[in-house]
Structures are given as C-alpha cells and as structure tokens.
**Q** 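Input: one structure, supplied below.
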Amino acid sequence: MKEEVRQERNTFARYAAEFAAKAKHGEEVNEKVLCKRLGIHRPTATKLLCAFDLAGYLGEQDRKGFVWLGDDKTAEVLAARAEELHQEYLPLVERDKDFDAIGYRGYLFGTLIPALKLGITFGSLSVIFLQRKMSVVRERAEEIYDLLGVGGFHGEDDQINTGRKMTAATHADFDRIYVRLESRK
C-alpha cells in the first residue's frame, strides 16, 4: 500500500520562531529535539536545522547535535521573519526512509547552498525563479525559498524583477558561510 503524502501544520518560518522562543543559549539541538519540541516530522526538522546552520544560529557539532547560539534577540528576529514570510505554503514531508539517502549534509550542500549561490549571483530570488533555475517542482521551490527566508537571506523587494526579493548576502558572505559549513566534516 502506498504511503500518503504528509503535510506539516505550519510554515518553516513559524516553526523557526517557535523553536527560538523556547530554546536556551548553549543547549544541544538536533533533529530529535526539533521533532519533540515542535511536533514535526524528521525530514522537516532536518531542513529547519539546515536553515539554522546556514544562518549561523548553530555552533560546533558533537555526537549529540549542535550548540544553539540563539538568544532572546534571535527569537525576536525569527518572529519578525515569520510575519514577513506570510506564505500559505505548508511543507510536504518525504518519507523518512526516502530522506535518509539525502540527509543533513546532502540537503545543505545539495539544495540550500546552491540556492543561496543562485540568489547572490542573480541578485534576487522568487519561488518561480528557483523552480526554473533548480529544475524542481513548485512545492520544493517554495520550501527552499521559505528556508532561505528563515535564514535571513531575503532583502527588500526587487524593483526590476517584480515578485522577487533581493538577496541579503554578498559573494564574500557566501564564501564565509561555505568555509564555516565545510569545515565541519
């Protein structure tokens, strides 16, 4: 029997704000912690963890997970982003066994980092732009767009390309982020 598609009850941005409000600076964060605290599926938790890491909210990684670097200010920032990202998109969830092949590093380096690089290279992003440039379905493009928004990479509206947001990162920012993430083998 075919497993039905599962859907989360909230957006990535709202989950991020909810977690940041509950998290304590210096605590261990991993997929299990996110699943338990937010009541989400593991693939969603992994994607949210990738967005947190891309944004720099996670410190060093050990066997149990990452160290949460966020504080009260982080919670405020993520709550404001959740209000800005008033998308109606609710994440679809892959089956756990299907997502195991991708995993944390695969999603971070195979999806989010290339999407951020596209945004920096072209100066702005939209769901349709990501869909076309990354050759993904609309739902995946919305997911990527939302996760980059959680990470703080959406800037002002693009005045030239309507419907797109300027990317709030430079090539130098990208290089620093990439080196930081790649050094975590």
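When a residue number appears, it is its place in the shown sequence, counting from 1. What you see is a predicted model; the values in this text were computed from it and never measured.
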**Q** Is the shortest heavy-atom distance from the side chain of His25 to the side chain of Thr74 under 4.5 Å?
**A**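 Not touching, per the 4.5 Å side-chain cut-off.
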**Q** Identify whether the distance between the nearest side-chain nitrogen and carboxylate oxygen of Asp100 and Arg42 falls below 4.0 Å.
**A**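 Salt bridge present between Asp100 and Arg42.
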**Q** Just wondering, do Leu54 and Ile113 contact through their side chains at under 4.5 Å, heavy atoms?
**A**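 Answer yes - side chains close enough.
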**Q** Would a distance-only check, ignoring hydrogens and angles, find a side-chain to backbone donor-acceptor pair under 3.5 Å from Glu27 to Lys24?
**A**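 A pair under 3.5 Å: yes.
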**Q** Checking Arg14 against Glu83 for the salt bridge (Lys or Arg N to Asp or Glu O under 4.0 Å) test, could you report, in this order, the C-alpha distance in whole Å, the side-chain angles of both residues, the deciding distance, and whether it holds?
**A** CA-CA 8 Å; Arg14 296 228 185 274; Glu83 290 304 314; 3.2 Å; yes
**Q** With a 4.5 Å limit on heavy-atom distance, are the side chains of Val33 and Glu28 in contact?
**A**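 No, side chains not in contact.
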**Q** What is the minimum heavy-atom distance between Thr44 and Val93, and which atoms define it?
**A**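 For Thr44 versus Val93, the nearest heavy atoms are OG1-CG2, 3.5 Å.
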**Q** Hydrophobic cluster membership, with links at side-chain heavy-atom distances under 4.5 Å among I/L/V/M/F/W/Y: are Leu181 and Leu49 in one?
**A**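 Per the 4.5 Å side-chain linkage, Leu181 and Leu49 are co-clustered.
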**Q** Just wondering, do Arg176 and Asp173 contact through their side chains at under 4.5 Å, heavy atoms?
**A**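 Of all side-chain heavy-atom pairs linking Arg176 with Asp173, at least one is under 4.5 Å.
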**Q** Please list all pairs passing the side chain to side chain donor-acceptor pair (under 3.5 Å) test where one or both residues lie in residues 107-123, with sequence neighbours left out.
**A**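 Of all non-adjacent pairs touching residues 107-123, those that pass side chain to side chain donor-acceptor pair (under 3.5 Å) are Tyr107-Glu143.
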**Q** With Phe19, which of Tyr57, Phe12, Trp68 fulfils ring pair (Phe, Tyr, Trp, His ring centres under 6.0 Å)?
**A**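 Among the candidates, only Trp68 passes.
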**Q** Are Ser124 and Arg164 close enough, and set up right, to give a side chain to side chain donor-acceptor pair (under 3.5 Å), and what steps lead you there?
**A** CA-CA 6 Å; Ser124 62; Arg164 287 170 59 171; 2.9 Å; yes
**Q** Can the ring centroids of His154 and Tyr145 be said to lie less than 6.0 angstrom from one another?
**A**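 That pair passes the under 6.0 Å test.
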**Q** Looking at Lys47 and Glu94, does any basic side-chain N land under 4.0 Å from a carboxylate oxygen?
**A**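 Yes, charged N to carboxylate O under 4.0 Å.
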**Q** Find out if a path of hydrophobic residues (ILVMFWY) with successive side-chain heavy-atom gaps under 4.5 Å connects Leu78 to Leu69.
**A**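 In one cluster: no.
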**Q** Between CG of Leu125 and CD1 of Ile120, what distance do you get to the nearest 0.5 Å?
**A**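 Taking CG in Leu125 and CD1 in Ile120, the distance rounds to 9.0 Å.
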